[in-house]
Visitor: 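Structure provided below as structure tokens; questions to follow.
For the numbers below, each heavy atom of this structure counts, side chains included, while hydrogens, waters and symmetry mates do not. Fair warning: this is a prediction, and the values are worked out from it, not measured in the lab. Below, chains carry the letters A, B, ... as their sequence lines are ordered, and counting in each starts from 1.
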2 protein chains.
Amino acid sequence: MSGPEKPSRGRKVTSFDVARRAGVSRAAVSRAFTPNASVSPETREKVVKAAKELGYRVNYLARGLTTRRSDFVGVVAAGMDNPFRALQIEQITKSLVRRNFRPILLPADQGESADHVMDQLLHYNVSGVLVTSDAPPTALCAEFAAAGVPIVLINKADTIPSVDRVVSDTNAAGKLAAATLVEAGAKQLAVVAAPGPSYTARCRLQAFMGACYALDVEARVIPVEHNSYREGLAVAEALKGVDGVFCINDYMACGLIDGLRRLGGKVPDDVRVIGHDDIPQASWAAYELTTFRQPCDVQAEQAVSLLISRMDDPTTAERFEVTPVSLVRRATV
Amino acid sequence: MSGPEKPSRGRKVTSFDVARRAGVSRAAVSRAFTPNASVSPETREKVVKAAKELGYRVNYLARGLTTRRSDFVGVVAAGMDNPFRALQIEQITKSLVRRNFRPILLPADQGESADHVMDQLLHYNVSGVLVTSDAPPTALCAEFAAAGVPIVLINKADTIPSVDRVVSDTNAAGKLAAATLVEAGAKQLAVVAAPGPSYTARCRLQAFMGACYALDVEARVIPVEHNSYREGLAVAEALKGVDGVFCINDYMACGLIDGLRRLGGKVPDDVRVIGHDDIPQASWAAYELTTFRQPCDVQAEQAVSLLISRMDDPTTAERFEVTPVSLVRRATV
DNA sequence: CTGTTAGCGCGTTCAT
DNA sequence: ATGAACGCGCTAACAG
């Protein structure tokens, strides 16, 4: 007979059961499953054997109770309709899992939902929180930091004591966007973005306008409600006379391009368009969007690293890392 | 002075601290935070007050230790580049959170990674597992079921004892796709799909081919590696002579349309295209894709319901729920 | 290297 | 309705 002996007995097998079967103490069992613990190879073997026969697995929840740590990391995110957000989450969770953490994902719809949901996290002794959403207010983040929970923000604004951040290079993007459009012959520039919650969006907008001013070229701001496809589609009409536009993200840029074409406009002949994020759709043949690649994989790695280092030393001053963006030249400019 | 008194003392406040400050026993504190427990309103109030002052929160991990339950539910998913997957995950996590569970998200890349990662779940006493990926092998799922962990599969194949499933109506989709294409005047049909892991994809393919046979119209199967945009784009060349194609998902259909257009083909004049899933991009102006809407929100609700009901009664026979799909007529047919 | 003891933070009897 | 005592599954500290 092979395989676990009690495949589905009602009760869970505990370290006690394993200890008895292996003829050792419970501490020995514990040590057998603890890295760098001092156990003789033979006892370890006995334990492992007994454990396998019984189908035993260490209860990490109980372990966490005594070690006062948990492997859980909260990941709060909103706006998953934006493909970039989906990618971000994938990368973040992968980074986390790779380092042996368990990501608990909290969809933070705009509004107070975020508060309530994040609040729950405090009950689980999470060893950290990663925030990509625009939703969670500064106050809440500060509360976490004060509670001693490491927290790092991705592409968010607020500088909060003890809260680390990783942000893409908004300044470079804004300036280079302006320069690129001008260089391509655009005379009447515009930037479309929601004045709303997205921090990086606002920064890119400012950098863009600043650069336009420096270049002495006319530029205006076209506001929208959300930085989404639908808004991009709808806002195309408001672009009369504009021949070069910086769209604050690709998601909206796709809508903008579709909107321009629907109105009979030619891209890039009539209007040059440049986006941001380099979502998969940006490289789709229907768009061939020139855009800035934002490396969400390295951002994820950085964020997790920051988290870990703060877990090790919670007292360090808050850090701020900026990730470089790179222009991907395609067909829309 | 308002607000928590010990905002960031090193040690966590426990029920003991609250009990002492409120002048009651620890049991009283416990009961104050347990629904339907017998506590007098006054003691409850005292406890709540003291708790607030101290910034106390029940440790759910410790609670789970004695109640032998946890609020965690594993969510394993792969292929997040497909927008439909992203939506699915969003809906699932929202459903879970709404019912007061904590979704722990496991990105299951193809291959053995899934095994290892899911394996970890057993250490956390998860009270259930939701699987949307194509990756996890039957054996692993069975192991969970045997271990007494409720598990429900979304759009997956294998019928396993004690494992519930919710699947979209593949049969209806396949048949209706064929009928719709024929009705639109197509004479030479094709279905493009990967023979690979996706269960629903295979089913839709079969239903489609069956319907074509019944309708006495020529149809062939165009195989691809993955059901992705890139493959769709590349496979357009293989469609010489075809004037009506059922693409197994929208993600690939977008690629297919772009591929056809690149070759100078007109959609729907030369080739009618019909997809599946109704991802956001399907309604983008660049595509206007006729497709089947798969209601991943109700699927999520159903899956969670199944999970819960099995948690309540683990002995029920495995159930199989099919969710209806509906044809969304747009411009590609 | 090993076993013994003493908690981790909490829920639950069982008396009162 | 309330408190005392015990146990959940495990690890840390201390002997030996």
Visitor: For A:Ser15, report the nucleic acid contact type (base, sugar-phosphate, nothing); a contact means any heavy atom under 4.0 Å.
Guide: sugar-phosphate

Visitor: Between C:dG7 and A:Arg68, counting only base atoms on the nucleotide and side-chain atoms on the residue, is there a donor-acceptor pair under 3.5 Å?
Guide: no

Visitor: Grab the CG-P distance between B:Asn125 and D:dG9 for me, whole Å please.
Guide: 9 Å

Visitor: When you check the phosphate oxygens OP1 and OP2 of D:dG9, does a side-chain N or O of B:Tyr124 lie under 4.0 Å from one of them?
Guide: no

Visitor: What's the closest nucleotide to the A:Ser40 side chain, out of D:dG9, C:dC1, C:dG3?
Guide: C:dC1

Visitor: With heavy atoms under 4.0 Å as the rule, sort A:Tyr56 into base, sugar-phosphate or nothing.
Guide: sugar-phosphate

Visitor: Does atom CZ of B:Arg319 have more than 12 heavy-atom neighbours, drawn from other residues, nucleotides or ligands, at distances under 6.0 Å?
Guide: yes

Visitor: Does A:Phe320 CZ have over 12 foreign heavy atoms under 6.0 Å away?
Guide: yes

Visitor: I need the CZ-C1' distance between B:Arg69 and C:dT12, as an integer number of Å.
Guide: 15 Å

Visitor: Please state how far atom NZ in B:Lys46 lies from atom P in D:dG3, giving the value in whole angstrom units.
Guide: 8 Å

Visitor: Nearest whole Å is fine: how far is D:dG9 P from B:Arg63 CZ?
Guide: 18 Å

Visitor: Which sits closer to the 5' end of DNA chain D, B:Arg44 or B:Ala62, going by the nucleotide each is nearest to?
Guide: B:Arg44

Visitor: Any N or O donor-acceptor pair linking the side chain of A:Arg57 to the base of D:dG9 at under 3.5 Å?
Guide: no

Visitor: Starting the side chain at C-beta, find the nucleotide from C:dT4, D:dT2, C:dC10 nearest to A:Ala27.
Guide: C:dT4

Visitor: Please classify the nucleic acid contact of B:Thr67 as base, sugar-phosphate, or nothing, using heavy-atom distances under 4.0 Å.
Guide: sugar-phosphate

Visitor: If I take atom CZ in residue B:Arg26 and atom C1' in nucleotide C:dT13, what distance separates them, rounded to the nearest angstrom?
Guide: 14 Å

Visitor: Taking only N and O in the side chain of B:Thr43, is any of them less than 4.0 Å away from OP1 or OP2 of D:dT2?
Guide: yes

Visitor: Categorize B:Val58 for me: base, sugar-phosphate, or nothing, with a 4.0 angstrom heavy-atom threshold over every strand shown.
Guide: sugar-phosphate

Visitor: For A:Pro150 and A:Leu307, which heavy atoms make the closest approach, and how far apart are they?
Guide: O-CD1, 3.7 Å

Visitor: Select one nucleotide: of C:dG11, C:dT4, D:dT11, the one nearest the side-chain heavy atoms of A:Thr34.
Guide: D:dT11

Visitor: Are the side chains of B:Ile160 and B:Glu318 in touch, meaning some heavy atoms are under 4.5 Å apart?
Guide: no

Visitor: CG of A:Asp17 versus P of D:dG9: gap in Å, rounded?
Guide: 9 Å

Visitor: Tell me whether the side-chain N/O atoms of A:Ser30 come closer than 4.0 Å to OP1 or OP2 in D:dT11.
Guide: yes

Visitor: Side chains of B:Arg99 and B:Ser305: do they bring a donor and an acceptor to under 3.5 Å?
Guide: yes

Visitor: Between C:dC10 atom P and A:Leu61 atom CG, what is the distance in whole Å?
Guide: 14 Å

Visitor: Nearest to the side chain of A:Val24 - C:dG11, D:dT11, C:dG3?
Guide: C:dG3

Visitor: Regarding B:Ala28, tell me which of base, sugar-phosphate or nothing describes its non-hydrogen contacts under 4.0 Å with the strands shown.
Guide: sugar-phosphate

Visitor: Given atom CZ of B:Phe16 and atom P of D:dA4, what is their separation to the nearest angstrom?
Guide: 11 Å

Visitor: Please confirm whether the shortest side-chain N or O distance from A:Thr14 to OP1 or OP2 of D:dG9 is below 4.0 Å.
Guide: no

Visitor: My understanding is that only one of A:Tyr56, A:Tyr60, A:Phe33 makes a ring pair (Phe, Tyr, Trp, His ring centres under 6.0 Å) with B:His123; could you say which?
Guide: A:Tyr60

